[in-house]
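Each residue takes its place number in the sequence, starting with 1.
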Amino acid sequence: MASRATDRNRTNFLLDEKDIPSKWYNIQADLKTPAPPVLHPSTKQPIGPQDLAPLFPMELIKHEVSRERWIAIPEEIREIYRLWRPSPLYRARRLEKMLGTPARIYYKYEGVSPAGSHKPNTAVAQAYYNKKEKVSRLSTETGAGQWGSALSLALQCKVYMVKVSYQQKPYRRIMMETWGAQVVASPSPDTQSGKKILEQDPNSPGSLGIAISEAVEDAATRDDTKYSLGSVLNHVLMHQTVIGLEAKKQLEKADDAADIVIGCAGGGSNFAGLSFPFAADKLTGKNKKMRIVAVEPAACPSLTKGKYVYDFGDTVGLTPLVKMHTLGHTFIPAPLHAGGLRYHGMAPLVCKLYDEGVIEAMAVPQLATFQAAMQFARTEGIIPAPESAHAVRVAIDEALRCKRDGKRQTILFNLSGHGHFDLGAYEAYLAGKLQDYEYPAAKVAEALTQVPKVTA
């Protein structure tokens, strides 16, 4: 007789294709108060759909502003999701044993997608809605290359890749080019935004904020192009909720429930994707004791050190103003190997939940993060992306706390991608060449003086 799904020795909890979510969860429906409005960069007044129309297809704009709890996923998108979804949920039994913890550790593994991360969950959706409006070309930015890879898989695009990652991760660039994308290092001489940055600093390592400026300018100056963003915006976070919706079903199969939910956070997409369906239970009073933790790098800690104010989403100041925890849009982070976390701000919805105490945030240094990644790789067999390793770090710390306190809690984290294209970072760590970057308080203070003044 086959073992039941609740077999206590089980490691891998799988769902059938029919269990792929048929609807995305929109957390805006469960907020006690609406999210702060997005403001026009010139007038500083709330923007409307027509202000966003030059950059985004109307259906995505509707997703951005909707307060409906559930948004139907078109069958064409679910058909493509079947290439890798539902993604597996694993019980990290070997890691638990190595740590000697009474905690139960689970991880949702998004590295099974063609691009190797969670990013295709929204790339496929954004490409679908753009194609429906007969858009033939997209422009976008990418930090570590995960998002650029995902969008390259979905539609013709030009990718502005943060220069330090462009240099650190050449095979990510080759992957994008294999799928047909044009990839340039940002800042580039291809846009006025890039030229302006290069004039100020010819050796600029780039940042997500700069790359966003270039991609937005690209889309705004061409009739055949729309802009696509891999994080931060409401519709992007909503598309990612397939992760958490599946994880809830898989924990039921494991006859378990999460006490602590953890995700790394740069712009907020993978963190929101896992955590928002669980945050719904906190917001609606079903599980107020659950802890939800966003983990960011100590050298770029927008949630834990930033100010909760209106700021530009890009470096040059082309985007609308959003209320978020920010280090200042002109802040250029240190050249961390977790390129996807090198962003000056954070998703407004994540910031609102943090401001209201629904979620927590922690910042961890680079060396401790890679130490955790090595422990995970040597017990569970998967080499984590440097970004995802931040979640691994805190999951291990929480498991060790459970060991000290004698608590048998359930820890769930999102392993948002594999690190197969990040082996240069692991090589540097193994050779003792990797370093921690101190929080650049003076640079942040200077950048915050450039934040636009908005009357409440």
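Of the charged side-chain nitrogens involved, at least one lies within less than 4.0 Å of a carboxylate oxygen, so that Arg137 and Asp218 count as a salt-bridged pair. Between Glu199 and Lys195, no side-chain nitrogen of the basic residue sits less than 4.0 Å from a carboxylate oxygen of the acidic one, so the salt-bridge criterion is not met. Salt-bridge check for Glu110 with Arg85: passed, with a basic side-chain N closer than 4.0 Å to an acidic carboxylate O. The pair Asp30-Arg69 meets the salt-bridge criterion, since a charged nitrogen lies less than 4.0 angstrom from a carboxylate oxygen. Ion pair Arg291/Glu398 flagged as a salt bridge, since at least one NZ, NE, NH1 or NH2 atom sits closer than 4.0 Å to an Asp/Glu carboxylate oxygen.
Residues Val65 and Pro49 have side chains not in contact (no heavy-atom distance under 4.5 Å, counting atoms from C-beta outward). When side chains are defined from C-beta on, Ser152 counts as touching Cys157, because their heavy atoms get closer than 4.5 Å. The closest side-chain heavy-atom distance from Leu448 to Val451 is below 4.5 Å. Counting heavy atoms from C-beta on, the side chains of Thr315 and Ile197 come closer than 4.5 Å. Residues Glu141 and Val159 are not in side-chain contact: their nearest non-hydrogen atoms beyond the backbone lie 4.5 Å or more apart. A 4.5 Å side-chain heavy-atom check between Val242 and Ile73 finds at least one atom pair inside the cut-off. Two residues are said to be in side-chain contact when any heavy atoms from C-beta on lie closer than 4.5 Å; Gln182 and Tyr160 fail this criterion. Contact of the Leu321 side chain with the Val38 side chain is not registered, since no non-hydrogen atoms from C-beta on lie closer than 4.5 Å.
Side chain of Asp51 to backbone of Ile47: no donor-acceptor contact under 3.5 angstrom is found. A donor-acceptor contact shorter than 3.5 Å links the side chain of Thr369 to the backbone of Pro365. Looking only at distances, no side-chain donor or acceptor of Thr225 sits under 3.5 Å from a matching main-chain atom of Arg222. A donor-acceptor pair is defined here as one N or O able to donate and one able to accept, closer than 3.5 Å; such a pair exists between the side chain of Ser113 and the backbone of Ser117. Panel note: side chain Glu380, backbone Leu95; a donor-acceptor pair is recorded below 3.5 Å.
Ring orientation note: the planes of Tyr107 and Tyr109 are nearly perpendicular, at an angle over 60° on the 30°/60° scale. Aromatic ring orientation, His63 versus His239: perpendicular (interplanar angle above 60°, classes split at 30° and 60°).
In this structure, CD1 in Ile332 is found 10.0 Å from NE2 in His329, a value given to the nearest 0.5 Å. Atom CE of Met346 sits about 9.0 Å away from atom CG of Leu327, to the nearest 0.5 Å. For the atom pair CG of Leu237 and CG of Asn121, the computed distance is 12.0 Å after rounding to the nearest 0.5 Å. Of the inter-residue distances, the one linking Lys131 atom NZ with Gln156 atom CD reads 11.0 Å to the nearest 0.5 angstrom. Put simply, OG1 on Thr142 and CH2 on Trp147 are 9.0 Å apart, with the number rounded to the nearest 0.5 Å.
By the 6.0 Å contact criterion, CZ on Arg378 is open, its count of non-hydrogen atoms from other residues, nucleotides or ligands being 12 or less. Residue Glu356 places its CD atom among more than 12 non-hydrogen atoms of other residues, nucleotides or ligands, all under 6.0 Å distant. Other residues, nucleotides and ligands contribute over 12 non-hydrogen atoms within 6.0 Å of the CD atom of Glu133. A 6.0 Å sphere centred on NZ of Lys44 holds more than 12 heavy atoms belonging to other residues, nucleotides or ligands. Residue-environment remark: CD (Gln200) exceeds the threshold of 12 foreign heavy atoms within 6.0 Å.
The minimum heavy-atom distance linking Pro333 with Cys300 is given by the pair CG-SG, 3.8 Å. In plain terms, the two heavy atoms of Lys163 and Pro187 that are nearest each other are CE-O, 4.1 Å. Across all non-hydrogen atoms, the minimal contact from Gln366 to Gln435 is NE2-O, 2.6 Å. For Gly206 against Arg342, the heavy-atom pair with the smallest separation is O-NH2, 3.1 Å. Here the shortest heavy-atom pairing between Val112 and Ser87 reads CG2-CB, 3.9 Å. Contact record, Tyr25 with Met238: O-CG, 3.3 Å, taken as the closest heavy-atom pair.
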**Request:** Please test Thr304 against Glu296 for side chain to side chain donor-acceptor pair (under 3.5 Å), starting from the C-alpha separation and ending with a verdict.
**Result:** CA-CA 8 Å; Thr304 53; Glu296 55 189 7; 2.7 Å; yes
**Request:** Evaluate the criterion side chain to side chain donor-acceptor pair (under 3.5 Å) for residue pair Ser302 and His344; output intermediate values, then yes/no.
**Result:** CA-CA 6 Å; Ser302 55; His344 66 272; over 6 Å; no
**Message:** Test side chain to side chain contact (heavy atoms under 4.5 Å, CB included) on His325 and Tyr354; report intermediate values, then the result.
**Reply:** CA-CA 9 Å; His325 288 83; Tyr354 180 61; 3.6 Å; yes
**Item:** side chain to side chain donor-acceptor pair (under 3.5 Å) between Ser193 and Glu217, intermediate numbers included
**Value:** CA-CA 7 Å; Ser193 300; Glu217 180 184 324; 2.7 Å; yes
**Request:** Take Met290 and Val261 through the test side chain to side chain contact (heavy atoms under 4.5 Å, CB included) and record every step on the way to the result.
**Result:** CA-CA 8 Å; Met290 183 193 311; Val261 178; 3.9 Å; yes
**Request:** Assess whether side chain to side chain contact (heavy atoms under 4.5 Å, CB included) is satisfied between Thr410 and Ile105, documenting all intermediate values.
**Result:** CA-CA 6 Å; Thr410 297; Ile105 306 173; over 6 Å; no
**Request:** Could you please spell out the steps behind the side chain to side chain contact (heavy atoms under 4.5 Å, CB included) verdict for Leu353 and Phe276?
**Result:** CA-CA 10 Å; Leu353 294 179; Phe276 277 11; 3.4 Å; yes
**Asked** Between Asp397 and Arg393, is a salt bridge (charged side-chain N to carboxylate O under 4.0 Å, His left out) present by the stated rule, with each step listed?
**Response** CA-CA 6 Å; Asp397 290 345; Arg393 173 73 271 164; 2.9 Å; yes
**Message:** Please determine whether side chain to side chain donor-acceptor pair (under 3.5 Å) holds for the pair Glu214 and Ser188, giving the CA-CA distance in whole Å, both sets of side-chain angles, and the decisive distance to 0.1 Å.
**Reply:** CA-CA 8 Å; Glu214 294 205 84; Ser188 79; 2.7 Å; yes
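For residues 271-285, the salt bridge (charged side-chain N to carboxylate O under 4.0 Å, His left out) pairs, not counting sequence neighbours, are Lys248-Asp281. Legend: salt bridge (charged side-chain N to carboxylate O under 4.0 Å, His left out) pairs involving residues 166-193, not counting sequence neighbours, sorted by first then second residue: Lys158-Asp190, Lys169-Asp422, Arg173-Glu177.
For the pair Lys108 and Phe413, the NZ or CZ position fails the cation-pi test of under 6.0 Å to the six-membered ring centre and within 45 degrees of the ring normal. A cation-pi geometry, defined here as NZ or CZ lying under 6.0 Å from the six-membered ring centre and within 45° of its normal, does not hold between Lys443 and Phe331.
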